[in-house]
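Report on the structure given below.
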Amino acid sequence: AVTYTAVCEALVTAFCATYGQPRTVIDGFDLKAIEATEIFRKFHEEVSTDDWVYNECPEFTHTLSHKFVWGGVQLVLKVHRGLIEVLDVDVAMANPSVLDAGPALAH
């Protein structure tokens, strides 16, 4: 299913792949201690500005897809300056007659 969490995870993965950054998992960290550091404060100030979000945020493309009994759906998001500029939706109907069986088969 396409959920908020799945989209966030997919965007992080796409960003790391696009910009050659390893995905780092931090286990057992103290967020308050990190937030208290000078480097975090400066970074947060920079990326929290509208100027950064709309002028500096890297451009990237990400694809989400899901297969159903009846076919599949693919979403391609093209993000530029913090905004989804293009959303392409492709629906492939492998067996449209399956949809006549009702919503239970849509999963």
Side-chain angles (χ1 to χ4, degrees):
V2 178
T3 64
Y4 173 78
T5 302
V7 170
C8 289
E9 287 296 317
L11 290 173
V12 169
T13 301
F15 178 89
C16 292
T18 299
Y19 295 98
Q21 299 296 315
R23 185 174 183 124
T24 305
V25 177
I26 301 172
D27 187 30
F29 70 96
D30 182 355
L31 182 59
K32 297 237 184 270
I34 293 171
E35 290 173 341
T37 64
E38 181 69 13
I39 193 166
F40 179 85
R41 187 186 62 73
K42 285 181 179 180
F43 174 76
H44 187 266
E45 284 176 7
E46 178 185 351
V47 300
S48 296
T49 65
D50 285 345
D51 182 58
W52 190 90
V53 170
Y54 297 108
N55 296 313
E56 302 295 327
C57 184
E59 181 177 345
F60 60 95
T61 299
H62 183 67
T63 302
L64 298 167
S65 60
H66 188 77
K67 293 187 186 277
F68 297 93
V69 174
W70 48 264
V73 175
Q74 181 176 23
L75 305 175
V76 178
L77 295 88
K78 295 179 183 175
V79 181
H80 185 240
R81 294 185 174 182
L83 300 172
I84 298 174
E85 288 193 339
V86 178
L87 171 61
D88 292 326
V89 179
D90 182 32
V91 178
M93 300 288 288
N95 187 359
S97 64
V98 173
L99 292 179
D100 294 334
L105 292 177
H107 300 290

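For the numbers below, each heavy atom of this structure counts, side chains included, while hydrogens, waters and symmetry mates do not. It should be emphasised that the depicted structure is a prediction, and the values quoted were computed from it without experimental measurement. Sequence positions, counted from 1, serve as the residue numbers for this chain.
Note on Arg41 versus Glu45: salt bridge recorded, some NZ/NE/NH1/NH2 to OD/OE distance being below 4.0 Å.
Residue Leu87 is grouped with residue Val79 when hydrophobic side chains (ILVMFWY) are merged at heavy-atom distances under 4.5 angstrom, including chains of intermediate members. Both Leu11 and Val89 belong to a common hydrophobic cluster when Ile, Leu, Val, Met, Phe, Trp and Tyr are linked at side-chain heavy-atom distances under 4.5 angstrom. Put simply, Leu64 and Ile84 are part of the same group of oily side chains (I, L, V, M, F, W, Y) that touch within less than 4.5 Å, one to the next. Using a 4.5 Å cut-off between side-chain heavy atoms of Ile, Leu, Val, Met, Phe, Trp and Tyr, with links allowed through other members, Val7 and Val12 fall into different hydrophobic clusters.
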Inset, instruction - Could you walk me through whether Asp88 and Asp90 pass the side chain to side chain contact (heavy atoms under 4.5 Å, CB included) test, one step at a time? - result: CA-CA 7 Å; Asp88 292 326; Asp90 182 32; over 6 Å; no
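Atom CD1 of residue Ile39 and atom NE2 of residue His44 lie 14.5 Å apart, to the nearest 0.5 angstrom.
Minimum interatomic distance between Phe40 and Glu35 (heavy atoms only, all atoms of both residues): CD2-CA, 3.4 Å. Between Pro22 and Cys16, the closest heavy-atom pair is O-SG, 4.3 Å.
Counted within 6.0 Å of CZ on Phe43, heavy atoms from surrounding residues, nucleotides or ligands total 12 or fewer; the atom is thus considered open. More than 12 heavy atoms of other residues, nucleotides or ligands shown are found within 6.0 angstrom of CG on Leu83.
Ring geometry for Phe68 versus His66: interplanar angle over 60°, hence perpendicular rather than tilted (30 to 60°).
In terms of modelled atom types and a separation under 3.5 Å, the side chain of Thr18 and the main chain of Phe15 share no donor-acceptor contact.
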